[in-house]
Amino acid sequence: MEKDFFQAVFDLARLIPQGRVTSYGAIAKALGTPKSARMVGYAMNASHQISDIPAHRVVNRNGLLTGKHHFNYPKEMEEKLLKEGILVQDDQILDFEKVFWDPSTELTNFF
DNA sequence: AGCTTGACTTTGA
DNA sequence: GTCAAAGCCAAGC
């Protein structure tokens with residue numbers, strides 16, 4: 001199976017449980033290419049045209065909603081996160097450590 | 001084939 | 001603790 005990096009990111013992104021978030025680097029690491037963290041975000045950019053990808057559950061390593069600007073409207077990301085029970089304030093996830101979901105840890109046998 | 005861009009991460013000062 | 005710079009891989013042109 002020669003699915004693109006994007007596909008892999010999308011698949012994993014869909015596995016993110018509700019009320020949890022993860023970082024681009026974590027996804028990249030889970031995919032086996034920790035250095036391609038930027039690609040994860042790049043892939044998410046395309047996720048809009050692909051299907052229902054919970055891109056709002058993916059933030060940078062600081063728990064900051066860096067990608068909010070790429071949504072239909074910036075507030076959308078924040079609203080969705082809040083709706084899922086994730087505390088967000090000023091584009092920053094408050095309890096980031098609590099809601100952080102590491103696919104590499106939770107889905108070790110994902111491959 | 002090469003160059004540019006990017007929703008990041010890590011390291012050094 | 002903060003701020004700045006380099007590195008990184010993949011897609012698009």
* Asked: Knowing that exactly one of A:V58, A:V59, A:L82, A:V88 qualifies, which makes a side chain to side chain contact (heavy atoms under 4.5 Å, CB included) with A:M77?
  -> A:V59

* For the side chain of A:R38, counting heavy atoms from C-beta on, which of C:dG7, C:dG12, B:dA7 is nearest? -> C:dG7

* Roughly, in whole Å, what's the span from CG in A:N62 to C1' in B:dT10? -> 11 Å

* Asked: Using 4.0 Å as the upper bound for N to carboxylate O, is an ion pair formed by A:E84 and A:K80?
  -> no

* Are A:I93 and A:F71 connected, step by step, through hydrophobic side chains (Ile, Leu, Val, Met, Phe, Trp, Tyr) whose heavy atoms are closer than 4.5 Å? -> yes

* Structure fact -> Ranking B:dT9, C:dA11, C:dC8 by distance to the side chain of A:N60, first place goes to B:dT9

* A:E106/A:R20 ion pair, N-O < 4.0 Å -> no

* Structure fact -> Separation of C:dC9 atom C1' from A:K29 atom NZ, nearest Å, is 17 Å

* Structure fact -> To the nearest angstrom, the NE2-C1' distance between A:H70 and B:dT5 comes to 12 Å

* Indicate, with a heavy-atom threshold strictly under 4.0 Å, whether A:H48 touches base, sugar-phosphate, or nothing. => base

* Side chain of A:Y42, base of C:dA10: donor and acceptor closer than 3.5 Å? -> no

* Asked: So what does A:A55 hit on the nucleic acid, given a heavy-atom distance under 4.0 Å: a base, only sugar-phosphate, or nothing?
  -> base

* Asked: Could you state the CZ-P distance from A:F5 to B:dC8, rounded to the nearest angstrom?
  -> 13 Å

* Asked: Counting any heavy atom closer than 4.0 Å, what does A:N45 reach on the DNA or RNA strands: base, sugar-phosphate only, or nothing?
  -> base

* Taking atom C1' of B:dA7 as reference, at what distance in whole Å does atom CE of A:M44 sit? -> 9 Å

* Structure fact -> Against the side chain of A:D4, the closest entry in C:dA11, B:dA7, C:dC9 is C:dA11

* To do: Among C:dA11, B:dT9, B:dC8, find the nucleotide with the atom closest to the side chain of A:R61.
  => B:dT9

* Base-pairing mate for C:dC8 - Watson-Crick or G-U, with both contacts under 3.5 Å -> none

* Using atom CG of A:N72 as one end and atom P of B:dA7 as the other, report the distance to the nearest whole Å. => 16 Å

* A:L64 and A:W101: same hydrophobic cluster, using ILVMFWY side-chain contacts below 4.5 Å? -> no

* **Who pairs with B:dA7 - Watson-Crick or G-U, where each distance is under 3.5 Å** => none

* Structure fact -> Per atom distances to the A:A37 side chain, the nearest of B:dT9, C:dA10, B:dA7 is B:dT9

* Asked: Atom CD of A:E76 to atom C1' of B:dA7: distance rounded to whole Å?
  -> 14 Å

* Take atom NZ of A:K35 and atom P of C:dC9, then tell me their distance rounded to the nearest Å. => 6 Å

* Structure fact -> Quick note, A:T66 side chain, CB onward, closest among B:dA7, C:dC9, B:dT9 is B:dA7

